[in-house]
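Structure, as structure tokens:
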Amino acid sequence: GTIATTGIGINTTNNSTAGDTTVSQTAGTITGSSGIHTSNSGVGNTTINTSGTVTGTSGFGISAVTSGSATGSTDITNTGTVSGGSVGIVTSQSGTGNTEAIIDGTVTGTNTTSDGVENIISGTSSTGNIAVTQNSGTITGGTNGINSLNDGTGSTNITVAGVVTGGTGAGINTLDN
């Protein structure tokens, strides 16, 4: 199917007592200012699987934000094509769960100041791990191809088996504090 809007294509919110959130796209197109956005401040996990085309014209292609006292993990798997004006795929975690992006397709941050894939764990009390696994495909960013920031105590693991291209920054940029 096709979802097209000037707002956010798919927007989900998981509050403090809610369980898991899953968004699955098996084909078709999702287009909006941001393609898919999930917000999780609950105890459940967030899972996003895409096989079609997801486009964020000015914002994120796919954005998964886990905040506050959230304990769940965030997992994004892309076998299709994702592009975003600000970032292709971004996971942001300030709870205690892990973030993982598995890429088997194409991910592009289309602006000159954008990243292809961005994973962030913020907060020194965060214990989650960051994993970006590219089995095939291409990741391209106007600034960085892959950008990872880990302020917590967990590990950061980046595995690349395809093409990663950065613009004014790096192909792969990591910072563990």
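Quick caveat: nothing in here was measured; it's all calculated off a predicted structure.
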Worksheet item: Ser155: what forms a side chain to side chain contact (heavy atoms under 4.5 Å, CB included) with it, not counting sequence neighbours?
Response: Asn129, Asn157

Worksheet item: Would a distance-only check, ignoring hydrogens and angles, find a side-chain to backbone donor-acceptor pair under 3.5 Å from Asn144 to Asp115?
Response: no

Practice prompt. Could I get the full list of side chain to side chain donor-acceptor pair (under 3.5 Å) partners for Asp20, not counting sequence neighbours?
Written response: none

Practice prompt. Return each pair, listed once, that meets side chain to side chain donor-acceptor pair (under 3.5 Å) where at least one residue sits in residues 83-93; pairs must be two or more places apart or across chains.
Written response: Thr91-Asn119

Worksheet item: side chain to side chain contact (heavy atoms under 4.5 Å, CB included) with Ser125: which residues, sequence neighbours excluded?
Response: none

Worksheet item: What residues, two or more places apart in sequence or in another chain, satisfy side chain to side chain donor-acceptor pair (under 3.5 Å) together with Asn111?
Response: none

Practice prompt. For residues 57-67, pull every pair meeting side chain to side chain donor-acceptor pair (under 3.5 Å), keeping only residues two or more places apart or in separate chains.
Written response: His37-Ser63, Thr66-Thr74

Worksheet item: Can you name the residues that form a side chain to side chain donor-acceptor pair (under 3.5 Å) with Ser51, not counting sequence neighbours?
Response: Thr79

Fill in: With sequence neighbours excluded, residues passing side chain to side chain contact (heavy atoms under 4.5 Å, CB included) with Asn150
Ile121, Ile130, Thr156, Asp176

Discussion item. Please enumerate all residues that pass side chain to side chain contact (heavy atoms under 4.5 Å, CB included) together with Val43, with sequence neighbours excluded.
Written reply: Thr71

Quick one: side chains of residues 158-175, donor-acceptor pairs under 3.5 Å with protein atoms, not counting sequence neighbours, listed by atom name and distance.
from, atom 1, to, atom 2, distance (Å)
Asn173, ND2, Asn147, OD1, 2.8

Worksheet, complete the sentence: Hits for side chain to side chain donor-acceptor pair (under 3.5 Å) against Thr46, two or more places apart or cross-chain, chain-then-number order -> Asn40

Worksheet item: With a cutoff of under 4.5 Å between side-chain heavy atoms, which Ile, Leu, Val, Met, Phe, Trp and Tyr residues group with Val65?
Response: none

